[in-house]
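Note on naming: letters A, B, ... go to the chains in the order of the sequence lines (proteins, then strands), and numbering restarts at 1 for each one.
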Number of protein chains: 2
Amino acid sequence: MAAAVRTAAAPRSDNRLPLILDAAARFFSDKGFGYTSMRDIAGAAGMLPGSLYYHFASKEELLVAVYAEGVRRIKEAVMPALAQGGDPWARLESVCAAHLAALLVDSAYAQVVIRVRPDDVPEVAARLTALRDEYERTFAQAIADLPLPPRTDRRVLKLMLLGALNWSQTWYRSGRDSPQVLARRFVRLLRDPLEA
Amino acid sequence: MAAAVRTAAAPRSDNRLPLILDAAARFFSDKGFGYTSMRDIAGAAGMLPGSLYYHFASKEELLVAVYAEGVRRIKEAVMPALAQGGDPWARLESVCAAHLAALLVDSAYAQVVIRVRPDDVPEVAARLTALRDEYERTFAQAIADLPLPPRTDRRVLKLMLLGALNWSQTWYRSGRDSPQVLARRFVRLLRDPLEA
DNA sequence: CACTATACCAAACAACTGTTTGTTTTTGGA
DNA sequence: TCCAAAAACAAACAGTTGTTTGGTATAGTG
């Protein structure tokens, strides 16, 4: 009877699924989801378009997989910074630096998370938003720790800082200020009193 | 001989070009440029797809027209705020409020400017970027006036604030905080010393 | 070694895309 | 009233899109 329950599918070692995900992540982050065709992805993975549908039911499901991996990688990059002790402001700066590094240079997966608007893909928008929210709660911890004046709105502070970080994808060009430098300057603008 | 130079084309009063632009602005801001078809726009304007090509040589040229009008409207909304006298911080707050109101609620044209990434439309990317830069110089004036500590990097301050404002399109939902309230809170976070 | 699920190929499908071409209607100025 | 320009129609084009279907090789298990 136990054999009848042997439903589990043993994956094969020559599986090209990782190749598909890598290619999709690269294209989605370079050209955007809407401008990427299944043929682009299949070609880069060295296979035929139809073969992708063995692994994913639709283009949107493929996006969800890439997006989820992207969130995972951003968290993976940020968590160590979040765990470090000492000054909460220094910790926030490290978190921002890790966040920036992930979405500007390190990972095509992470870039997809910032670049693709959930609303653009209605079929899976709710799932993408849920994934993004999940990370934002992680980020919010770095703000929760800050010693701030009593009546400071930490929610708005989170939206402001995260917005500034994410929008950097629009204007950032490699070779100029590094993510670390940018993170430092951004946090300093919030920390230090601008009004002399 | 003078008649031979009568090249000027007298436009007709039943011209539906404004309808086309309005429809395009609405679709581009709702669904994005890539997800909007010429048939969508033509249908909303009450005409056939091919007829659009009497007014615009391509879909991209239509985008440029909408984008330019968007920049014009944002500037139109921000300029009065920029002209007001008194406290530079209050002026910055007004500028931010006007900027937010334009791109969050007032104008579909303005929303296109923030929503559409120039890089997504290579054929006209340079022109879109130039238009956006033109406005950003306007915005920068509100920052140039601020009385800041000597060694403050106003360029980074501009990038940070503008990023925070523009990204709000991602999370803003009408009915909650108004653009005015958001602008006030954002500016206050920069102005007031967060470190007690 | 046999056999089964895995992973892919090969080829097509219908729908949709931006655009072109030739023709027709309509408008405003002379 | 006449007429050239303006503005739109009607119909098609070639290419691309996501996806489906049926067949096939192959790797790992018993």
Starting at [atom1] of [X] and ending at [atom2] of [N], how long is that distance when rounded to a whole Å?
X: B:Glu123; N: C:dT19; atom1: CD; atom2: P; answer: 9 Å
X: A:Leu17; N: C:dC8; atom1: CG; atom2: C1'; answer: 13 Å
X: B:Leu48; N: C:dT21; atom1: CG; atom2: P; answer: 18 Å
X: B:Ile20; N: D:dC9; atom1: CD1; atom2: C1'; answer: 13 Å
X: B:Leu62; N: C:dG18; atom1: CG; atom2: P; answer: 11 Å

Which residue pairs pass the ring-ring contact (aromatic ring centres under 6.0 Å, His included) test when at least one of the two sits in residues 130-159 of chain B, sequence neighbours left out? B:His99-B:Tyr135, B:His99-B:Phe139
So the ring-ring contact (aromatic ring centres under 6.0 Å, His included) pairs with at least one residue in residues 29-57 of chain A (sequence neighbours excluded) are A:Phe28-A:Phe33
Please, which pairs that meet salt bridge (Lys or Arg N to Asp or Glu O under 4.0 Å) have at least one residue in [range], sequence neighbours excluded?
range: residues 65-78 of chain B; value: B:Glu69-B:Arg72, B:Glu69-B:Arg73, B:Arg72-B:Glu76, B:Lys75-B:Glu134
range: residues 52-65 of chain A; value: A:Glu61-A:Arg127
range: residues 106-115 of chain A; value: A:Arg115-B:Asp120

Do the side chains of B:Leu62 and B:Ile41 get nearer than 4.5 Å, heavy atoms only? yes
For B:Arg154, salt bridge (charged side-chain N to carboxylate O under 4.0 Å, His left out) partners two or more places apart: none
My understanding is that only residues two or more places apart in sequence, or in another chain, count here; which of them pass salt bridge (charged side-chain N to carboxylate O under 4.0 Å, His left out) with B:Glu136?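 Salt bridge (charged side-chain N to carboxylate O under 4.0 Å, His left out) check on B:Glu136 returns B:Lys158.
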Estimate the overall bend of the helix from C:dC1-D:dG30 to C:dA30-D:dT1 from the end axes over five pairs each, rounded to 10 degrees.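 Taking five pairs per end, the axes differ by 10°.
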Donor-acceptor pairs under 3.5 Å, side chain of residues 15-25 of chain A to any protein atom, not counting sequence neighbours: which ones?
| residue | atom | partner | partner atom | Å |
| --- | --- | --- | --- | --- |
| A:Asn15 | OD1 | A:Leu17 | N | 2.9 |
| A:Arg16 | NH1 | A:Gly46 | O | 2.9 |
| A:Asp22 | OD1 | A:Tyr109 | OH | 2.5 |

Check B:Arg191 with B:Asp87, please: is the shortest side-chain N to carboxylate O separation under 4.0 Å? yes
Please state whether the phosphate of [N], meaning OP1 or OP2, lies under 4.0 angstrom from any side-chain nitrogen or oxygen of [X].
X: B:Tyr54; N: D:dA8; value: no
X: B:His55; N: D:dA6; value: no
X: A:Arg16; N: D:dT26; value: no

Strictly under 4.0 angstrom, non-hydrogen atoms only: write out the protein contact profile of nucleotides 12-24 of chain D, one letter per nucleotide from the 5' end, B, S or -. B----BBBB----
Are any protein N/O atoms closer than 3.5 Å to N/O atoms in nucleotides 24-27 of chain C? If there are, list each pair with its distance.
| residue | atom | partner | partner atom | Å |
| --- | --- | --- | --- | --- |
| C:dT26 | O2 | B:Arg12 | NH1 | 2.9 |

Among C:dC9, C:dT6, D:dA7, the one nearest B:Asn15 by side-chain distance: D:dA7
Contacts satisfying side chain to side chain donor-acceptor pair (under 3.5 Å) that involve residues 23-32 of chain A (not counting sequence neighbours) are A:Lys31-A:Asp40
